[in-house]
Amino acid sequence: MQFSSAFLEGIADYVDPRLPFISLSKGLELNSLRMMSQIIPQALKNPRQPFIALSGPSFAFELMNKLPTVASKDKKLANSVQQLLGSSDLRISTSSDVTGVEIAGALQNVLAIAAGIVVGMNLGNNSMAALVAQGCSEIRWLSTKMGAKPMTITGLSGTRDIMLTCFVNLSRNRTVGVRLGSGEKLDDILRSMNQVVIIFSMYQGLYCINGSDGSSFQAHREDFSSWCCNGDVTYNGWWLRPWNHP
């Protein structure tokens with residue numbers, strides 16, 4: 001995603017202005033905090049470029065093995081994409097809330113690694129439930145602040161995707177969290193993996209979002225940076241601090 005803008009600018013003269021773009025990317029562009037729904041039309045210099053975002057919840061491994069899943073996304077074009085990609089193994093629901101689907105798909109990866117750390121540190125089911133509930137609340141707050149509809153965040157591409165990535169071992173970001181919580185160093189973990197881990201580039205972008213209104217998200221984001229991005233996961237009561245904030 002971090003190189004999408006430059007790539008699209010390079011091919012802009014060859015792209016049909018009526019060509020639909022289906023985005024499967026999750027995250028934010030670090031230097032601008034833009035989502036793909038913003039990057040694509042701006043890079044192509046066509047604000048009317050047809051666009052649709054396809055999001056979870058789904059694990060590619062299960063989809064390849066023909067286990068049912070659900071994917072979500074956008075507007076008029078959505079019905080065509082729904083017919084094109086839908087099958088007995090893949091149900092696609094549609095939504096006109098592009099921002100909600102994109103930002104929910106990005107933010108749930110931040111929560112997934114925290115959930116993995118809870119598992120790795122053996123903090124128990126009560127801590128996990130509290131963490132995920134608090135995380136869902138803050139994702140809803142931040143998403144709506146960015147223009148998403150609350151119902152999207154509590155729907156398939158929000159809460160259900162969060163449940164999948166926080167509680168299932170197939171989640172790459174949750175796996176990183178488990179290993180961090182077990183005492184491994186971040187650099188060692190990332191070097192050993194052959195899959196893309198979304199969380200860390202996403203978190204760098206998320207960290208830049210202004211939270212100056214004193215929200216609990218703003219108050220404990222520094223904690224997340226310390227015990228996640230810097231690979232410093234030590235039992236010093238970090239998991240209690242978010243609940244000590246307003």
Side-chain angles (χ1 to χ4, degrees), residues 1-60 63 69-86 90-110 112 139 142-153 155-158 160-162 165 172-173 195-210:
M1 181 169 183
Q2 305 311 316
F3 306 99
S4 297
S5 183
F7 171 76
L8 291 169
E9 288 171 359
I11 64 170
D13 293 340
Y14 307 100
V15 175
D16 188 326
R18 299 166 299 177
L19 178 69
F21 275 72
I22 303 177
S23 171
L24 282 74
S25 299
K26 289 186 177 182
L28 300 173
E29 186 180 48
L30 298 185
N31 62 355
S32 68
L33 303 182
R34 292 183 298 173
M35 296 172 286
M36 287 302 294
S37 59
Q38 299 166 312
I39 292 172
I40 290 174
Q42 291 175 16
L44 297 177
K45 297 181 174 59
N46 178 16
R48 302 180 68 85
Q49 191 76 43
F51 174 85
I52 187 168
L54 187 64
S55 187
S58 64
F59 284 130
L63 185 57
T69 187
V70 181
S72 310
K73 215 31 235 153
D74 181 39
K75 214 171 177 180
K76 204 170 184 181
L77 182 61
N79 291 331
S80 298
V81 173
Q82 186 181 44
Q83 295 299 316
L84 176 66
L85 299 180
L90 177 65
R91 177 192 167 112
I92 297 180
S93 301
T94 63
S95 168
S96 60
D97 183 11
V98 180
T99 298
V101 170
E102 284 192 287
I103 201 65
L107 297 182
Q108 51 95 7
N109 292 301
V110 178
I139 287 173
L142 182 57
S143 299
T144 53
K145 187 174 182 179
M146 297 177 71
K149 297 177 182 178
M151 287 187 64
T152 302
I153 309 306
L156 292 174
S157 56
R160 183 167 173 175
D161 206 3
I162 289 170
T165 196
R172 293 162 293 180
N173 295 293
Q195 295 177 306
V196 175
V197 178
I198 301 170
I199 175 67
F200 296 104
S201 60
M202 174 59 218
Y203 179 74
Q204 292 174 45
L206 183 59
Y207 189 89
C208 296
I209 296 174
N210 181 15

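Predicted model, so just to flag it, every value in this text is computed and none were measured.
- Judged by distance alone, with hydrogens and angles left aside, the side-chain atoms of Q38 form a donor-acceptor pair with the main-chain N or O of M35 at under 3.5 Å.
- The distance from the CG atom of L84 to the CG atom of N79 is 12.5 Å, given to the nearest 0.5 Å.
- One N or O on the side chain of Q108 and one on the backbone of G105 form a donor-acceptor pair closer than 3.5 Å.
- In this structure D16 satisfies the salt bridge (Lys or Arg N to Asp or Glu O under 4.0 Å) test together with R18, sequence neighbours excluded.
- Heavy-atom minimum distance, T152 versus G100: CG2-C, 3.6 Å.
- Closest approach of G158 to A104, counting heavy atoms only: CA-CB, 4.0 Å.
- When all heavy atoms of I92 and G86 are compared, the closest pair comes out as CD1-N, 4.0 Å.
- To the nearest 0.5 Å, atoms OG (S37) and CD1 (I52) are separated by 12.0 Å.
- Listed by chain and residue number, M1, S23, M36 satisfy the side-chain contact (heavy atoms from CB on, under 4.5 Å) test with S25 (two or more places apart in sequence, or in another chain).
- If you take CD on E102 and OG on S157, they are separated by 10.5 Å, rounding to the nearest 0.5 Å.
- Scanning for salt bridge (Lys or Arg N to Asp or Glu O under 4.0 Å) contacts around R48 gives an empty result, with sequence neighbours left out.
- A donor-acceptor pair under 3.5 Å links the side-chain atoms of S143 to the main chain of I139, judged by distance alone.
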Worksheet entry | Check against side chain to side chain contact (heavy atoms under 4.5 Å, CB included), Q49 and V15 | CA-CA 10 Å; Q49 191 76 43; V15 175; 4.0 Å; yes
Fill in: Check against side chain to side chain contact (heavy atoms under 4.5 Å, CB included), D97 and T99
CA-CA 6 Å; D97 183 11; T99 298; 4.1 Å; yes
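- With rounding to the nearest 0.5 Å, the separation of CD1 in I162 from CG in N109 is 10.0 Å.
- No donor-acceptor pair closer than 3.5 Å links the side chain of N173 to the backbone N or O of A112.
- Taking 4.5 Å as the limit, every side-chain heavy atom of Q42 sits out of range of all side-chain heavy atoms of S5.
- Contact detail for A12 and A43: the closest heavy-atom pair is CB-O, 4.0 Å.
- Residues L107 and I153 have side chains not in contact (no heavy-atom distance under 4.5 Å, counting atoms from C-beta outward).
- Counting all heavy atoms, side chain and backbone alike, N46 lies closest to P17 at ND2-O, 3.2 Å.
- With rounding to the nearest 0.5 angstrom, the CG atom of L24 is 4.5 Å from the CG atom of L54.
- Summarising the geometry, atom OG belonging to S55 is positioned 10.0 Å from atom CG belonging to L156; distances are rounded to the nearest 0.5 Å.
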